[in-house]
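For reference, the structure discussed in these notes is given below.
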Number of protein chains: 2
Amino acid sequence: MAYRTSVIDRHGAHSWYRQLADQLRDCVEQGVYPPGGELPSEAELARQYGVGRDVVRSALALLRQEGLITSVRGTNAKVRAPVARREVTLGAGDELIGRMPSEPERIERLMEYGVPLLAIKRRSGAVELFPGDRVVITGPTP
Amino acid sequence: MAYRTSVIDRHGAHSWYRQLADQLRDCVEQGVYPPGGELPSEAELARQYGVGRDVVRSALALLRQEGLITSVRGTNAKVRAPVARREVTLGAGDELIGRMPSEPERIERLMEYGVPLLAIKRRSGAVELFPGDRVVITGPTP
DNA sequence: TACTATTTGTTCGTATGTATA
DNA sequence: GTATACATACGAACAAATAGT
């Protein structure tokens with residue numbers, strides 16, 4: 001594979017790691033790295049784009065936050081494949097807000113990075129929490 | 001103020017920055033750092049807990065992801081104060097999912113770090129996007 | 001099984017840029 | 001103008017998990 005000379009604007013208004021994240025996001029969206037597929041290693045990306053490992057790691061961290069990729073120590077980062085979703089109905093008077101889980105919450109629920117938590121407060125007062133990528137909230141069926 | 005000798009378990013199963021994040025999260029939740037209030041500087045936290053600045057920065061990054069704090073260059077990190085919310089009603093047949101915004105989306109909508117995006121697909125097909133911390137989604141009023 | 005190479009995770013040090021006080 | 005503080009970027013080293021031999 002031909003070396004990418006460098007698509008990073010060294011004196012642009014944006015930081016290198018954000019530019020790199022944009023590039024990689026485009027690659028994912030355009031199928032260069034398909035769902036479930038691997039990205040190159042951090043060292044390889046650093047070589048390809050002519051940046052340090054910190055820049056690569058910061059870019060990958062951003063994409064992890066966005067829920068676009070996952071990383072496991074010892075393995076290349078992977079593009080997250082779509083997950084199975086279940087339906088949850090929001091009834092009359094129920095309320096919902098979205099927020100990021102705290103680390104203890106995330107770990108307890110086996111949630112991946114970059115997945116928001118949807119908190120539904122039922123009219124009864126009961127609170128239910130759902131990973132935002134595993135459910136589709138629906139209004140009552142007509 | 002008395003120096004905290006060190007509450008970090010140097011040989012524990014968890015990384016230092018995660019332990020520190022847990023400590024700081026507790027401080028916020030228990031009002032040591034109240035909403036709108038400032039945290040100590042990175043350097044001060046590094047001194048207090050006897051760790052390097054990267055450990056402090058990683059911990060703060062985690063809390064930023066959770067939407068618990070905000071940082072502005074040149075100022076200490078602050079505990080995020082509750083924001084004004086508006087109500088949005090989810091009608092019959094409408095669908096909602098939550099995800100993190102990509103960086104372009106986040107910037108375009110002037111969203112802070114750590115705030116999920118709620119995407120509502122109306123039965124008509126129209127799609128509306130809301131910052132998760134600015135809206136309360138409600139079911140139809142009974 | 002055991003060993004090795006690869007890869008990501010964590011931590012520290014250092015330096016520069018830039019915004020705020 | 002100076003000092004403080006956060007953002008970004010480089011390099012280095014080691015730890016820990018994985019994959020392949």
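Naming: A, B, ... by sequence-line order, numbering from 1 per chain.
A close approach under 4.0 Å does not occur between any side-chain nitrogen or oxygen of A:Arg53 and OP1 or OP2 of C:dT8. Of the side-chain N and O atoms in B:Arg57, one or more sit less than 4.0 angstrom from OP1 or OP2 of D:dA7. One finds no side-chain N or O of A:Arg73 lying less than 4.0 angstrom from the OP1 or OP2 phosphate oxygen of C:dT10. The phosphate of C:dT11 (OP1 or OP2) has no side-chain N or O of B:Tyr17 nearer than 4.0 angstrom.
One atom, CD of A:Glu42, and another, P of D:dT18, lie 16 Å apart when rounded to the nearest Å. At whole-Å resolution of the value, CG in B:Leu62 and P in C:dT10 are 10 Å apart. Between B:Tyr49 atom OH and C:dC12 atom P there is a gap of 15 Å when expressed in whole angstrom units. One interatomic measurement links the two molecules: NE2 of A:His14 to C1' of C:dT18, which rounds to 16 Å at whole-angstrom precision. Atom P of nucleotide D:dT8 and atom CG of A:Asp9 are separated by 16 Å, given to the nearest angstrom. The interatomic distance linking B:Ile69 (CD1) with D:dA7 (C1') rounds to 14 Å, in whole Å.
Proximity note for A:Arg18 (side chain, C-beta onward) versus D:dT18, D:dT8, D:dC10: the nearest is D:dT8. Listed candidates were D:dC10, C:dG9, D:dA7. Nearest to the side chain of A:Ser71 is C:dG9.
The shortest distance between side-chain heavy atoms of A:Val56 and A:Leu20 falls below 4.5 Å.
B:Ala59 approaches B:Ala21 most closely through the heavy-atom pair CB-N, 3.8 Å.
Among the atoms of the strands shown, only primed sugar atoms or phosphate atoms (P, OP1, OP2) are found under 4.0 Å from some heavy atom of A:Asn76.
For the residue pair B:Arg64/B:Thr70, the side-chain donor-acceptor check at 3.5 Å is not satisfied. Side chains of B:Gln23 and B:Gln19: a donor-acceptor N/O pair is absent below 3.5 angstrom, by distance only.
If you check D:dG11 for Watson-Crick or wobble pairing at under 3.5 angstrom, you find it paired to C:dC12.
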